[in-house]
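Values below: all heavy atoms of this structure, side chains included; hydrogens, waters and symmetry mates excluded. So you know, we letter chains A, B, ... as the sequences are listed, proteins then strands, and number each from 1.
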Number of protein chains: 2
Amino acid sequence: MKEGPDIAHIAALIGDPARANMLTALMSGKALTVSELAEEAGVTIQTASSHLSKLDAGGLLRPRKQGRHKYFALASDEVAHVLEGLMGLAAGSGYLRKRTGPRDAELRQARVCYNHLAGDMGTQMFDSMIAQGHLTLDGEELVLTETGTAFVADFEIDIDGLLRARAPVCRECLDWSERRSHLAGSLGRAFLSRFEELSWAKRDQKTRVIAFSQNGAKAFNALFPAS
Amino acid sequence: MKEGPDIAHIAALIGDPARANMLTALMSGKALTVSELAEEAGVTIQTASSHLSKLDAGGLLRPRKQGRHKYFALASDEVAHVLEGLMGLAAGSGYLRKRTGPRDAELRQARVCYNHLAGDMGTQMFDSMIAQGHLTLDGEELVLTETGTAFVADFEIDIDGLLRARAPVCRECLDWSERRSHLAGSLGRAFLSRFEELSWAKRDQKTRVIAFSQNGAKAFNALFPAS
DNA sequence: TTCATGGTTCGATCTTAATCGAAGCATTTG
DNA sequence: CAAATGCTTCGATTAAGATCGAACCATGAA
């Protein structure tokens with residue numbers, strides 16, 4: 001009589017108010033730090049840490065370390081889907097949660113992050129490459145597919161040179177404004193310098209802002225269409 | 001911080017092992033009495049009664065009194081849908097209550113999910129109907145096409161009656177074992193009872209297994225060929 | 001190096017709620 | 001009517017786990 005998945009364990013994970021608040025906050029799709037999630041849930045950081053490791057052990061979260069921060073996001077669409085279903089059951093009409101307020105508009109749109117493109121356009125490029133099948137997530141590792149390699153070569157980036165070098169070619173980097181992934185690694189850097197080479201974009205050395213020309217932005221959007 | 005639907009409360013309801021067992025038992029679609037559910041959950045009748053009134057208060061159940069018996073069934077397709085989703089998450093993270101045995105294989109192949117067909121054969125039926133153009137996905141919504149209506153009527157299902165009723169006819173339901181959609185809604189239920197009517201299949205009353213006869217399976221495969 | 005910051009681990013406390021015995025209703029049957 | 005059955009309510013016990021202070025670890029900055 002006791003066959004099948006242990007639904008009680010998973011439901012109990014979601015069933016604690018503090019954890020439910022955290023999960024709800026993560027429904028935005030953004031990754032949040034431990035302290036931010038503690039704040040959202042209204043508990044201390046120790047408590048939040050304990051909750052988050054439980055949620056992680058239950059497979060509901062996808063943690064990523066970056067520097068001395070630890071970011072958490074929902075593990076998959078399925079998790080979000082179940083949470084949505086639960087909200088429906090809870091007879092939910094409009095549930096609104098405050099989003100991170102808009103900061104400096106230019107910095108948010110496009111800026112330099114370790115020599116690669118970050119900000120709104122960075123995440124757009126990343127998402128688009130995933131959607132087009134140029135990049136794919138193999139577990140924790142980000143890999144360039146066959147079509148991706150062709151795509152990059154077509155853009156006149158010396159992909160063979162990058163591959164020969166020992167540095168990691170593709171890396172995910174979490175965006176501080178968007179809280180979503182963008183492309184880092186040697187390929188990320190190559191893309192940015194190619195944009196500059198083509199005069200699509202120009203960096204401001206003092207502010208980290210990247211200014212795209214009108215034509216550059218148009219070309220960029222053609223190459224990396226937003227879904 | 002108390003605005004919006006209280007997902008923690010409803011998840012906590014599902015999160016107790018005894019209650020989860022009861023809900024899982026009700027996934028068969030049958031209405032069960034308090035004592036049967038107590039047996040299923042492995043608790044005394046008093047305890048079961050307490051659990052059931054909580055589940056009812058949470059809107060997860062639909063109780064019906066009949067003489068001195070009280071029957072409980074799941075409140076809606078949505079509830080069943082969320083439960084299946086939770087099973088998917090639990091199965092994905094490897095939290096199985098029991099290891100995969102012979103019974104498990106049967107469950108994967110064909111089982112009852114709130115009175116409709118789930119498991120391998122459920123997804124096969126769903127995929128086949130999509131492939132044949134009987135069903136189509138209009139955005140988020142699943143709709144029965146013109147040829148689909150004819151197909152269903154041809155199978156001697158009272159489609160007009162279903163359409164007149166207010167309940168949703170076609171719904172997607174995500175399968176926890178297959179991780180794919182199968183057909184739910186009143187049409188899904190009609191199909192399963194028609195299979196039983198034709199003696200193609202028979203449900204096991206204790207488990208959720210659906211056993212197809214040899215001829216039944218043959219006829220099923222002819223009607224819903226796997227791509 | 002030292003300091004500051006973000007996160008984790010440990011231990012003790014305390015709240016919540018699951019559980020069941022016993023008694024109380026309600027309905028059917030004899 | 002009384003007896004039997006199915007379920008609910010009450011109360012006391014008990015076990016689980018949420019919480020936070022304090023100490024600790026790791027990373028980045030000065």
May I ask you to say what B:Thr33 touches in the nucleic acid, namely base, sugar-phosphate or nothing, with a heavy-atom cut-off under 4.0 Å?
sugar-phosphate

Kindly give the atom pairs (protein nitrogen or oxygen, nucleotide nitrogen or oxygen) under 3.5 Å for nucleotides 15-18 of chain C.
from	atom 1	to	atom 2	distance (Å)
C:dA18	OP1	B:Arg19	NH2	3.3
C:dA18	OP2	B:Arg19	NH1	3.3
C:dA18	OP2	B:Lys54	NZ	2.8

Quick one: salt bridge (charged side-chain N to carboxylate O under 4.0 Å, His left out) partners of A:Asp16, sequence neighbours excluded?
none

Is the shortest side-chain heavy-atom distance between A:Ile7 and B:Leu23 below 4.5 Å?
no

Ion pair present between B:Glu106 and B:Arg208, side-chain N to carboxylate O less than 4.0 angstrom?
no

Sub-3.5 Å pairs of nitrogen or oxygen atoms, protein against nucleotides 21-28 of chain C:
from	atom 1	to	atom 2	distance (Å)
C:dG21	N7	B:Gln46	NE2	2.6

Walk along DNA chain D from 5' to 3' and tell me the first and last nucleotide with an atom closer than 4.0 Å to a non-hydrogen atom of chain A.
D:dA18 to D:dG28

Distance, rounded to the nearest Å, where A:Asp56 contributes CG and C:dT9 contributes C1':
16 Å

Just how far, in rounded Å, is P of C:dT9 from CG of A:Leu52?
12 Å

Is it the case that the side chains of A:Arg19 and A:His51 hold a donor-acceptor pair, with the cut-off being a distance below 3.5 Å and no angle test?
yes

A:Thr47 and A:Ser50 side chains, donor-acceptor separation under 3.5 Å
no

Do A:Glu36 side-chain atoms and A:Thr33 backbone N/O form a donor-acceptor pair below 3.5 Å?
yes

Donor-acceptor pair, side chain of B:His116 and main chain of B:Cys113, under 3.5 angstrom:
yes

Keeping to residues at least two apart or across chains, list the ring-ring contact (aromatic ring centres under 6.0 Å, His included) pairs with something in residues 118-137 of chain A.
A:His134-A:Phe151

Validation: residues 67-74 of chain B side-chain donor-acceptor distances under 3.5 Å, sequence neighbours left out:
none

Can you tell me how the ring of A:Trp200 sits relative to the ring of A:Phe195, calling it parallel under 30°, perpendicular over 60° and tilted otherwise?
parallel

